[in-house]
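Down below is the structure, laid out as C-alpha cells.
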Amino acid sequence: MPLDGIRNAAATAIADALENAFGHRPEEVVLEVPPRRELGDLAWPGALPLARVLRQSPRKIAEAVAGGASWPAEVLRVEIAGPGFLNLFLERPTILRRVYAGRRDSSGTGEKVIVEHTNINPNKAAHIGHLRNAVLGDILVRCLRRLGHAVEVQNYIDDTGVQVADVVVGLLFLPEDEIAAALGMDGGSRRALLDAVAGRIPAVGVPAASTGDFDDLCWEIYPRVTARYETDEPFAARRAEVLHAVEGGTGGLGLDEALERLGRAAAAGEPYPPEAVARLAASVADGNVRCHLATMARLGVAYDVLPHESDILHLGFWQRAFELLRDSGAIRLESEGKNAGCWVMSLAGSPEFADMEDPDKILVRSNGTVTYTGKDIAYQLWKFGLLTDPDGGRHDFGYRPYARWTQDAPAAEVRYGGGDRTLVRTTSDPSDRVEGLQFGGGSTVYNVIDVRQSYPQKVVREAVRVLGHPEAADRSIHFAYEMVALTPAAVRAIEEATGASFGLDEAAMAKAYVEMSGRRGIGVKADEFLDTLEARAAGAIRERSDSGTVPDLESRARGIAVGALRYLMARQSRNRVLAFDFDEALAFEGDTGPYLQYSAVRAAKIFDKLRERRGEGEPAPDELERLAGTAIPDDLWELVLQCARTGEIVRQAVANLEFSLLAQHAHELAQLFHKLYHGHPVLREEDPDLRLLRRAVFSLFVTEIRDILETLLGIPVPEEM
RNA sequence: CCGCCUGUAGCUCAGCUGGAUAGAGCAACGGACUUCUAAUCCGUAGGUCAGAGGUUCGAGUCCUCUCAGGCGGGCCA
C-alpha cells in the first residue's frame, strides 16, 4: 500500500533523527492520520510522551526531529502544532498517482485458517439471529482471504441433539389435528400426515428458498412440542424414547421404508420401530440443513464442509479425545463427592478460572455419556489436526460430495445444483474420500458463536492447552458476538401479522428487548424478512422509476435487500445486543446499505456518461503524470486519503474481530463521495486538467467502494438503483 | 457470591494501540432537482460521554469504587 510505504519511511526518518539528536531510539514510531486536513496528512504525536523520557519540552523534541530528519521525497513540509504534534504535508499528486496505480494488498502467511460459522440447529427455519452469525462469519472469511490466508469454512451440523428429536416427537406423537393444522390440511391419519410431511422434505440438492419450506413447517411444529411437554407427562416421556432410537442408528433404512413401518405401527397402535424413528430424524435434520443452505445462499454465503455430529459419534472422535486426555492426566475419574463417577477436567491451574467456586468441568457423566463440551473438545482437536490415533495418524472423518455450487460475482447469490465448487459433508466411513480435497488441520481456528457460549469455549481452549498444545490453544479464537433480540414493537408487529400471541407479560414487554426463542416460536424468520426487504426494495425502485416497466427488477431488489441486511448486521459492534426493529431494519435511507450501494452506482454512472458523451473513461495510470504540481483541494484529497486506508482498516478489523470498523469505513467513503458529487461535476467540467483530477479521484473511489462492498462485506452493487 | 459485557444527543448507534473542536443516522425545523439519478446534499437545533475519585502534559478511551441493565458460572443442549 503506497500510504504504508510513506508511513514506514517517515517513521524510520523520525527514529533516526531522534537517535541523532538525543541518542534515544523509540521501539516504534506510529504515524496517524490527523482528524482534519488542514493539520496535515500524517502526524506524529510521539514527542509528547517522549518529553518525560528525554527531559525536554515536547515542542523542542518535535523541532529537533523536524529539522534533523531526512524526510522521504513525498513529504512536502512539516509543521509543529499544538503542544508538540509533528504534522507532515504530503505531495498530493504523487501520492494520488501511486495510490491509483498500486491497489490491492495481499500480504499474509498463506497458512490455513478454519472458520466455523452458521451452525444452526437443524430442527427449524433460520431466524435473524442466525443471520448475524452467518454474516459476521462470512465477512471474517472474506477479510482473512484478503489478508492472504487459505480459509476453510465449516458449518457444523448438530443432527443428533434433542432439538431434532423434539420435532420428531411432534411428528410421531402430537395429536393428528395439530400436525394437520401446521400442514394446512383438514386432517388425516398419522400415515397420511407423515407422508405429507415427508413430501416436503428436500432430499437432494438445495431447494429454492421460500417461506413455505420444510424448515418453516418445523418452525410451526417445534413450539407445539415444547409447549406440550409442560402439560402432558406421557408425551414428555417420548423425548427420551426418540433420543434413544436416534442413538441406535438407522440400520441403513431408507425413508420410504421407514415411513411405511411408522405408518403401520401407528395404525396398529404398536410402538414405532426405533430404526424407522432414527431414519425420520436423520431426514428431518438433513431437510432442514438443505433449507438453511438455501437461505444463506440468498446472502451469498457458502461453505466448504458440513461436519456432522452423528459422524463424530460414530467415528469415536470422543473416545479418542478421551484417551488422549486421560493418558496426559488432563482428566480424572472422581471417586467421591458430588461428582462421583464422573470424568472431570480441572481448570484450577488456569488463571482464567482461578477464582471459580468449582473449577472442575464434567466431561463424562456418571452414566458414562459424554457432555456437549466433551464432543466439542474432540472436534476442536480435529480442526487443528491434533486428534491423532495411537499410530500417529490423524483420526479423520469420511467425506462425500453434498452439492455443487457456483457464484457469479463476489457478492452474488450462491447457486446450487451445478458449478465448479463442491460442498462436502462428512460421513461415518473413513474410507470415503473426495479426490483432491482435505479438511481440518488448520493453524488457526475461529469459532463464530454467540457470547453466551464463552464459558464452554474457554473450557475447550483450556483442554487443548493441557493436552500439550499451548500454541493451538492460543490460536483457538472464539469470535463472540451478542444476540439479536426483538424490540417490543417488533414483537407486537409479529403478533399482529400472524394473529398469534406469544403470551408475554407486561414486565417482559416493558424491557428494552425480548429474546428470540425457537422453542416458543418467538422470532423473525430469515427468509420471511428477506422477502419483506425484497418487496420493499422493489417498491422503492418502482417509485423512483419514471417508466412503467423496470428491467431486472428482481435482481436489483435482491441486491438492495441483501445490502440492507448485511450492512445492518455489520455496522453494529459485536458485543452489543442488536435490538431488531422493523422500521429501522427496513430503512433504505441514511446510514444503511443502500446508501453505500447508491454511492457506488452513482459513481459508476459518471463513467458511463463520460464514455458516452466525451469518449473518456477511467484514466490510465500514466495519464496522471499530467497532474504533477496540481493543487488538489482538501475535500477531494480527503477521499483519496481514506481510500488508501482500507488495508489498514481490514487488518485492524480482523485483529479486533470488529467488522463495524470496516462498515464504518465504507460509510465514511460513501459519505465523502456523496458530498463531493454535488460540488465537483465531471461531465460538465471543461478544464481538462480539473476534469482529469476528478476522474482520477472518482475512479479510485469506484474501484475502492466496489471492492469493499462486494469482496469484503458481501454487499452487491446493482447496475442501477 | 464470582466472572464477562453494556451505559455517549429525544431514539438507534460510531468514536480500537489515551491526542488536536465528541461524530453519524432517525425524529424536528428550513433550504437545494431544466444539472453526472434527490436512496442525495446544505443549514438550524439538540451532549454534566451513568456518577464519584485517581493516573497523565492530555481521559468518552486507562485504574478504583458506586449505581443501572444484560449474559454466563448445568452430570441441559
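Below, read A as the first sequence line, B as the second, and so on, with proteins coming before strands; counting in each chain starts at 1.
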Which part of the nucleic acid, if any, lies within reach of A:E482 when heavy atoms closer than 4.0 Å are counted: base, sugar-phosphate only, or nothing?
nothing
Roughly how far apart, to the nearest Å, are B:C2 and B:U64 at atom P?
15 Å
Heavy atoms under 4.0 Å, any strand shown: does A:R52 hit a base, just sugar-phosphate, or nothing?
sugar-phosphate
For B:C13, take OP1 and OP2 only and decide whether either is under 4.0 Å from a side-chain N or O of A:Q572.
yes
B:A68 to B:G74 separation - C1' atoms, rounded to the nearest Å:
28 Å
May I ask you to say what A:L610 touches in the nucleic acid, namely base, sugar-phosphate or nothing, with a heavy-atom cut-off under 4.0 Å?
nothing
Measure from CG on A:L661 to P on B:A14 and round the result to the nearest Å.
10 Å
Counterpart residues, side-chain contact (heavy atoms from CB on, under 4.5 Å), relative to A:D591 (two or more places apart)
A:Y567, A:R571, A:H667
Contact class for A:V451 vs. all strands (heavy atom < 4.0 Å): base, sugar-phosphate, or nothing?
nothing
Rounded to whole angstroms, how far apart are CZ on A:F580 and P on B:C11?
21 Å
Write down the distance separating the C1' atoms in B:U44 and B:A9, rounded off to the nearest Å.
15 Å
Check every strand shown and say whether A:Y595 touches a base, only sugar-phosphate, or nothing at a heavy-atom separation below 4.0 Å.
sugar-phosphate
So what does A:H674 hit on the nucleic acid, given a heavy-atom distance under 4.0 Å: a base, only sugar-phosphate, or nothing?
sugar-phosphate
Quantified in whole Å, what is the P atom distance between nucleotide B:C49 and nucleotide B:A32?
38 Å
Identify the heavy atoms of A:Q572 and A:V577 that sit nearest to each other, and give their distance.
NE2-O, 2.9 Å
Contact list for residues 334-347 of chain A, test side-chain hydrogen bond (donor to acceptor under 3.5 Å, both in side chains), sequence neighbours left out:
A:R332-A:E334, A:K338-A:D358
What pair of heavy atoms forms the shortest contact from A:I705 to A:A666, and how long is it?
CD1-O, 3.8 Å
Atom pair distance, as rounded to whole Å: CZ in A:R452 and P in B:U6
17 Å
Between A:N121 and A:I541, which residue's closest nucleotide on RNA chain B lies nearer the 5′ terminus?
A:I541
Counter-base of B:C4, judged by Watson-Crick or G-U geometry with both distances under 3.5 Å
B:G70
Go ahead and name the base partner of B:G25; Watson-Crick or wobble counts if both distances stay under 3.5 Å, otherwise write none.
B:C11
Geometric cation-pi criterion A:R602 and A:Y677, 6.0 Å radius, 45° cone:
yes
Under 4.0 Å between a side-chain nitrogen and a carboxylate oxygen: does that hold for A:R694 and A:E616?
no
Which value, in whole Å, describes the distance between the P atoms of nucleotides B:G31 and B:G19?
41 Å
Write down the distance separating the C1' atoms in B:G46 and B:A27, rounded off to the nearest Å.
11 Å
Determine the contact category for A:Y677: base if any of its heavy atoms lies under 4.0 Å from a base atom, sugar-phosphate if only primed atoms, P, OP1 or OP2 are that close, otherwise nothing.
base
Considering every strand and a 4.0 Å limit on heavy-atom distances, what is the contact class for A:N656: base, sugar-phosphate, or nothing?
base
Value in whole Å for how far the C1' atom of B:A14 lies from CG of A:L662
14 Å
Quick one: A:L683 CG to B:U34 C1', roughly how many Å, whole number?
15 Å
Base-pairing assignment for B:U35 (Watson-Crick or G-U wobble, both under 3.5 Å)
none
Answer yes if the ring centres of A:H674 and A:Y595 are under 6.0 angstrom apart, and no otherwise.
yes
Might you work through the salt bridge (charged side-chain N to carboxylate O under 4.0 Å, His left out) test for A:R452 and A:E515, ending with a clear yes or no?
CA-CA 13 Å; A:R452 291 172 293 189; A:E515 193 176 341; 2.5 Å; yes
Whole angstrom value for the distance that separates C1' of B:A39 from CD1 of A:I715
14 Å
Please give the nucleotide sitting opposite B:G19 as a Watson-Crick or G-U wobble pair, both distances under 3.5 Å, or none.
B:C57
Counting any heavy atom closer than 4.0 Å, what does A:V577 reach on the DNA or RNA strands: base, sugar-phosphate only, or nothing?
sugar-phosphate
Touch class at under 4.0 angstrom, heavy-atom based, for A:H665 against every strand present
nothing
Identity of whatever pairs with B:G47 - Watson-Crick or G-U, under 3.5 angstrom:
none
Span that lies between the C1' atom of B:A59 and that of B:G3, in whole angstrom:
26 Å
With nearest nucleotides of RNA chain B determined for A:G337 and A:Y513 from heavy-atom distances, which residue corresponds to the more 5′ nucleotide?
A:Y513
Can you tell me, in whole Å, how much space there is between the P of B:C33 and that of B:A14?
36 Å
In whole angstrom, give the distance that lies between atom NZ of A:K338 and atom C1' of B:G73.
11 Å
Judged by modelled atom types alone, do A:Q457 and A:N447 share a side-chain donor-acceptor pair under 3.5 Å?
yes
Tell me if the side-chain of A:S454 makes a donor-acceptor pair with the base of B:C4, cut-off 3.5 Å, by modelled atom types.
no
Looking at B:U37, does its base get a donor-acceptor pair with the side chain of A:R602 below 3.5 Å?
no
Just by protein heavy atoms under 4.0 Å, how would nucleotides 20-29 of chain B read 5' to 3' in B, S and -?
BB--SSS---
Quickly work out the A:E658 CD to B:A14 P distance and round it to whole Å.
8 Å
Side-chain touch A:T118/A:Y156, heavy atoms, less than 4.5 angstrom:
no
